[in-house]
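Side chains are part of it too, since the values below use all heavy atoms of this structure and drop only hydrogens, waters and symmetry mates. One-based numbering, in listed order, for ligands and for the atoms of each.
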Amino acid sequence: MTRVGFIGWRGMVGSVLMQRMYQESDFKNLDPVFFSTSQVGQNGPNINGQNSTLLDAYSIKDLSQLDIILSCQGGAYTENVYPKLQETGWDGHWIDAASTLRMSDDALIALDPINRKSIDIAYEKGIKTWVGGNCTVSLMLLAIQGLIKENLIQWVSSMTYQAASGAGAQNMRELLIQMGELSNSVKSELVDSQSDILAVDKKILSTMHSPSFSQKNFTVPLAGNLIPWIDQDLGDGKSKEEWKGQVESNKILKDTYSSIKVDGLCVRIGAMRSHSQALTIKLNKTTSIEKVNELISSGNEWVKFISNSKQSSIENLSPAAVSGKLDIAIGRIRELDLEENTISAFTVGDQLLWGAAEPLRRILKILINKAQSL
Ligand code: NAP
C-alpha cells in the first residue's frame with residue numbers, strides 16, 4: 001500500500017481535499033499518515049474507523065519514510081522542508097498546493113483535464129514534484145477550454161474578483177468578524193427602518209477606520225470594501241498574482257495547446273468562497289457567438305454554460321450559486337462593441353475545488369494508479 005503523508009490537511013485547501021477524498025473513497029487505496037506544524041501528538045482525522053496521531057511536519061526522518069507527500073501547508077513550509085528532504089536523497093513524490101515550486105523546471109503544474117499529456121511525459125522523464133496551479137489560472141483555463149482546444153484565443157484579459165477564503169482559513173474568519181463588527185456598530189439604527197441612512201453610512205465608515213477594527217490578516221478592511229492587490233508587489237506595477245496568469249497558463253498548456261497571452265488585475269472582494277473573473281477575449285478569427293457558446297459549453301464535463309440573460313446570470317453565475325460544487329459556471333458571453341472579434345465572458349468557480357484541492361486529489365490518484373500498475 002502506498003504510504004501518503006498529508007500536511008496542511010486542516011487548512012482551507014486541506015479540509016476540502018479531505019472532504020473530496022472521503023466522497024470519492026480515495027483513502028481505500030492508500031495508507032495515510034497525518035502531520036501538523038502546530039498540533040503534534042494530538043488526534044488526527046479518523047479514516048475508515050482508524051484513529052491517527054499527528055506527527056511532526058518538520059521531522060525529515062518521518063517524512064522520508066513516505067512514498068508520497070501531499071502538502072497544503074503553504075509556501076513557507078515548502079521552502080523550509082522540501083530542500084532538506086531532497087538533500088537526504090528521498091525518492092518519493094511531492095505534491096503541493098503552494099506556488100513555491102510551480103515554475104521550477106523540475107516541477108509540473110497538474111491540471112489533468114487540460115494537461116494529462118504533460119503529466120504522462122513528465123512521469124516518464126522521472127519528474128517527482130507536482131504542483132497545483134494558481135486558483136484563478138486553473139479555473140479560467142477550464143472555463144475556456146473549449147476555445148483553447150480550437151486555438152481560437154489570441155489574448156485574454158482576466159479581471160478577478162477573488163473570495164476571502166483564497167487567503168486561507170484565518171482570513172475567512174476575519175471577514176466574518178469584520179462583517180459582525182460593522183453590523184453591530186449600527187445595530188440600533190438597523191432596528192429602526194426610518195433611521196437616517198447617511199448617519200448609518202458615516203458610522204460604518206468610522207468603524208472601518210477605527211484602530212480597533214479587526215484586520216490583522218488582511219491589514220485593511222475587506223467587509224464593505226475591496227482590496228485591489230493580491231500577493232506580492234513585483235515592483236513593476238504588477239502583483240505576483242497577476243504575473244502568474246501568463247506564466248502558469250502557458251506552462252500548463254505547453255505540450256497540448258498553443259500558447260495564449262494573459263494579463264489583467266486581481267482584486268480581493270468580500271465573497272466567502274469561489275473566485276469570479278470578468279474575461280475579455282480577443283479571438284484570432286471571426287466566430288459567431290452561437291459557435292463560441294457551443295464550444296465553451298462542450299469544453300469539458302465541468303463547464304456549466306449560463307445563458308446571457310439577467311435572471312439566469314444573477315441566479316446561476318455567482319459565488320453563492322457555485323460554492324461547494326465542481327461546476328465551473330461561465331456566462332455573460334457577448335460580442336463587445338470595442339473592436340472586431342472581441343468577446344466578454346464572466347466565470348465563477350469554487351477555488352477550493354477545481355482551483356486547489358481537486359487537481360491535487362486527481363494527481364495523487366494518477367500517481368498511485370501508476371505506482372500500482374508497475
Ligand atoms: P490555511 O487555511 O491558512 O491553512 C494552512 C495551515 O494553517 C493549516 O494546515 C494549519 O496547519 C494552520 N492553521 C492555523 N490555524 C488554523 C485554523 N484555525 N484552521 C485551520 N488551519 C489552521 O491555508 P490554505 O488557504 O489552505 O492554503 C494552503 C496553500 O494552498 C497555500 O500555499 C496557498 O497559497 C495555496 N492555495 C490556496 C488556495 C485557497 O483558495 N485558499 C487556492 C490555491 C492554492 P497546522 O495544522 O500545521 O497548524
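- For atom 42 (C) of ligand 1, the nearest protein heavy atom lies under 4.0 Å away.
- Remark: ligand 1 and Thr37 share an N or O pair separated by less than 3.5 Å (distance only, no angle test).
- Residues Val131 and Leu353 fall into different hydrophobic clusters, defined by Ile, Leu, Val, Met, Phe, Trp and Tyr side chains chained together at heavy-atom separations under 4.5 Å.
- One side chain, Ser323 or Ser274, offers a donor N or O that lies under 3.5 Å from an acceptor on the other.
- The distance criterion of under 3.5 Å between nitrogen or oxygen atoms is met by Ser36 with respect to ligand 1.
- Ring centroids of Tyr77 and Tyr82 are separated by 6.0 Å or more, keeping the two rings apart.
- Residue-ligand proximity: Ser165 is placed with a non-hydrogen atom under 4.0 Å from ligand 1.
- The nearest heavy-atom contact from the protein to atom 4 (O) of ligand 1 is Gly11 CA, 3.2 Å.
- Donor-acceptor pairing under 3.5 Å is lacking for the side chains of Asn134 and Glu248.
- In the vicinity of Gly75, heavy-atom distances shorter than 4.0 Å reach the ligand 1 atoms 32 (O).
- Shown in contact with Gly8 at under 4.0 Å from a heavy atom are these atoms of ligand 1, numbered in order with element: 9 (O).
- Side-chain atoms of Asn308 and Arg332 form a donor-acceptor pair, as typed in the model, at a separation below 3.5 Å.
- With respect to atom 30 (O) of ligand 1, the closest heavy atom belonging to the protein is Ala97 CB, 3.4 Å.
- Protein heavy atom nearest atom 36 (N) of ligand 1, with residue, atom name and distance: Val13 CG2, 3.8 Å.
- Residue-to-ligand polar distances keep Trp9 apart from ligand 1: every N/O pair is separated by 3.5 Å or more.
- With distances taken over non-hydrogen atoms, the option nearest atom 19 (N) of ligand 1 out of Gly355, Gly168, Ala169 is Ala169.
- Of all the atoms in ligand 1, the ones that sit under 4.0 Å from a non-hydrogen atom of Gln351 are 40 (O).
- Ranking protein heavy atoms by distance to atom 28 (C) of ligand 1, first place goes to Cys72 O, 3.1 Å.
- Side-chain atoms of Ser239 and Asp231 form no donor-acceptor pair, as typed in the model, at a separation below 3.5 Å.
- Against a heavy-atom cut-off of under 4.0 Å, Ala356 is close to the following atoms of ligand 1: 42 (C), 43 (C).
- Residue contacts with ligand 1, taken as heavy atom pairs separated by less than 4.0 Å, involve Leu352 solely via side-chain atoms from C-beta onward.
- Residue nearest to atom 11 (O) of ligand 1, selected from Arg273, Gln73, His275, Met172: Gln73 (by heavy-atom distance).
- When non-hydrogen atoms are compared, ligand 1 lies under 4.0 Å from the backbone of Ala98 as well as from its side chain.
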Requested in this report: Give the C-alpha distance, both sets of side-chain angles, the deciding distance and a yes or no for salt bridge (Lys or Arg N to Asp or Glu O under 4.0 Å) between Lys282 and Glu339.
Outcome: CA-CA 9 Å; Lys282 174 73 177 175; Glu339 60 176 88; 2.8 Å; yes
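- There is a side-chain donor-acceptor pair under 3.5 Å between Thr286 and Asn341.
- Remark: of the listed residues Gln351, Arg173, Arg273, Gln351 is the sole one forming a side-chain hydrogen bond (donor to acceptor under 3.5 Å, both in side chains) with Ser165.
- With no hydrogens or angles considered, no side-chain donor-acceptor pair links Asn217 and Gln170 at under 3.5 Å.
- The nearest protein atom to atom 48 (O) of ligand 1, hydrogens excluded, is given as Ser38 OG, 2.4 Å; this is a heavy-atom distance.
- At a 4.0 Å heavy-atom cut-off, ligand 1 touches Gln170 through the side chain alone.
- A donor atom on one side chain and an acceptor atom on the other are not found under 3.5 Å apart for Glu241 and Gln232.
- Aromatic ring centres of Phe27 and Tyr22: separated by under 6.0 Å.
- On a distance-only criterion, Met12 and ligand 1 share at least one N/O pair closer than 3.5 Å.
- Ranking protein heavy atoms by distance to atom 31 (C) of ligand 1, first place goes to Gly74 CA, 3.7 Å.
- At least one heavy atom of Arg10 sits less than 4.0 Å from an atom of ligand 1.
- The ring of Trp130 has its center no closer than 6.0 angstrom to the ring center of Trp94.
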